[in-house]
Amino acid sequence: MDIWQAGDVRIATWNVNSVGARLPRLLAWLEEVAPDVVALQETKCADSAFPHLPISALGYEVAHNGDGRWNGVAIASRVGLSDVSTDLPGHPEARYVSATCGPLRATSVYVPNGRAVDDPQYPYKLGWLAELRATLDARAVAQPMVMMGDFNVALHDEDVFDIAAFAGSTHVTEPERAGLQALIDWGLVDVRARPGKGDRAFTYWDYRAGMFHKDLGMRIDYVLATPSVVVSDAYVDREARKGKLPSDHAPIVVDAEI
DNA sequence: ATGTCATCTTAGAGATGA
């Protein structure tokens with residue numbers, strides 16, 4: 001059933017760092033922010049363990065791709081959900097799910113971390129990004145689409161609190177940035193959220209060392225949208241990173257008209 | 001930057017990943 005009506009749509013993405021541990025906060029957040037389509041990452045549960053009941057009680061259909069302890073991505077929609085794909089060819093980890101939600105094709109991604117430039121996970125990450133680009137090449141840019149999630153890449157130097165602190169680290173290397181930029185170059189817009197309290201719209205702050213309170217963060221979560229998704233507002237929901245037992249990521253919330 | 005957090009193994013702290 002297509003219950004979408006022409007007009008505004010609210011889209012969001014959030015790496016929840018365990019949907020089980022975050023469930024009370026997630027449910028409260030869904031009620032408060034009420035996105036029409038939300039992409040989740042790091043659900044860290046098997047499909048059979050996903051908390052479908054309380055989320056469906058809020059009016060959402062959910063497509064989840066989980067493999068247990070690590071990873072796990074989902075799309076929740078209250079404007080319809082169909083044509084679900086969890087297949088990123090050659091990459092069986094649960095890091096990709098795509099679905100049609102009303103007027104939109106929506107994709108939730110959890111790009112591999114990479115760990116270190118001399119770790120096998122680093123070339124794996126680059127290959128993963130290349131395969132993600134290949135999924136776009138099979139599509140038409142004219143169809144409204146949002147690809148969103150935790151990309152584990154800071155696209156520009158300003159997307160980390162201090163580029164000097166990242167010398168030799170992953171997330172800021174040229175090949176990683178090229179992998180992310182290739183998605184944008186296909187025809188997607190990097191929907192930049194307006195800054196909150198600080199001057200930069202970071203989306204992730206390490207749990208340790210008071211990084212959040214010092215605003216020592218990174219912009220590694222993105223909403224990438226086709227131009228037919230006309231954005232009226234986009235913000236990082238820093239409130240969701242505060243208080244007791246938060247995720248280490250904050251959601252990005254985007255209001256748009258298709 | 002490293003002061004945390006979540007999960008699993010397997011019974012209580014350690015390993016792993018981020």
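Below, read A as the first sequence line, B as the second, and so on, with proteins coming before strands; counting in each chain starts at 1. Computed over heavy atoms, backbone and side chain alike; hydrogens, waters and symmetry mates excluded.
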Inset, instruction - Could you tell me the separation between the CG atom of A:Leu23 and the C1' atom of B:dA6, rounded to a whole number of Å? - result: 15 Å

Legend entry - Comparing A:Tyr110 and A:Ala164 on DNA chain B - which has the more 5′ nearest nucleotide: A:Ala164

Legend entry - For atom CD of A:Gln121 and atom P of B:dT16, their distance in whole Å: 14 Å

Legend entry - Nearest-Å distance for atom pair OH/P, residues A:Tyr207 and B:dA6: 5 Å

Inset, instruction - Could you check how far CD of A:Glu42 sits from C1' of B:dT16, rounded to whole Å? - result: 13 Å

Legend entry - Distance-only donor-acceptor check, side chains A:Ser108 and A:Gln41, under 3.5 Å: yes

Legend entry - Nearest heavy-atom neighbours spanning A:Tyr207 and A:Pro246: OH-O, 2.8 Å

Inset, instruction - Have a look at A:Asp206 and say if it touches a base, only the backbone sugar-phosphate, or nothing, with a 4.0 Å heavy-atom cut-off. - result: base

Legend entry - Proximal nucleotide (of B:dG3, B:dA18, B:dT7) relative to the A:Ala209 side chain: B:dG3

Inset, instruction - Could you state the atom-to-atom distance from NZ of A:Lys242 to P of B:dT4 in whole Å? - result: 21 Å

Inset, instruction - Check whether the side chains of A:Lys44 and A:Asn17 place a donor and an acceptor atom closer than 3.5 Å, and report yes or no. - result: yes

Legend entry - Nearest to side-chain heavy atoms of A:Phe161, which nucleotide of B:dA15, B:dG17, B:dA1: B:dA1

Inset, instruction - Starting from P on B:dT7, measure out to CG on A:Asn71 and report it in whole angstrom. - result: 14 Å

Legend entry - Per A:Ala165 side chain, nearest of listed nucleotides B:dG17, B:dA1, B:dT7: B:dA1

Inset, instruction - Provide, to the nearest angstrom, the distance between the CH2 atom belonging to A:Trp205 and the C1' atom belonging to B:dA18. - result: 16 Å

Inset, instruction - With the side chain of A:Leu245 defined as its heavy atoms from C-beta on, choose the nearest nucleotide among B:dG3, B:dA18, B:dC5. - result: B:dC5

Legend entry - Distance between C1' atoms of B:dG17 and B:dT2 (Å, rounded): 15 Å

Inset, instruction - Please find out if less than 6.0 Å separates the ring center of A:Phe212 from that of A:Phe202. - result: no

Inset, instruction - Please tell me which of the listed nucleotides, B:dA18, B:dA6, B:dA15, lies nearest to the side chain of A:Arg69? - result: B:dA15

Legend entry - Selected nucleotide, minimal atom distance to A:Arg22 side chain, candidates B:dT2, B:dC5, B:dT7: B:dC5

Inset, instruction - Report yes if at least one side-chain N or O of A:Ser18 is closer than 4.0 Å to OP1 or OP2 of B:dT7; otherwise report no. - result: yes

Inset, instruction - Nearest whole angstrom, please: distance from the P of B:dA1 to the CE of A:Met211. - result: 7 Å

Inset, instruction - Considering only NZ, NE, NH1 and NH2 on the basic side and carboxylate oxygens on the acidic side, decide whether A:Glu158 and A:Arg200 come within less than 4.0 Å. - result: no

Legend entry - Residue whose closest nucleotide on DNA chain B lies nearer the 5' end, A:Asn152 versus A:Asn17: A:Asn17

Inset, instruction - Can you tell me, in whole Å, how much space there is between the C1' of B:dT10 and that of B:dA15? - result: 13 Å

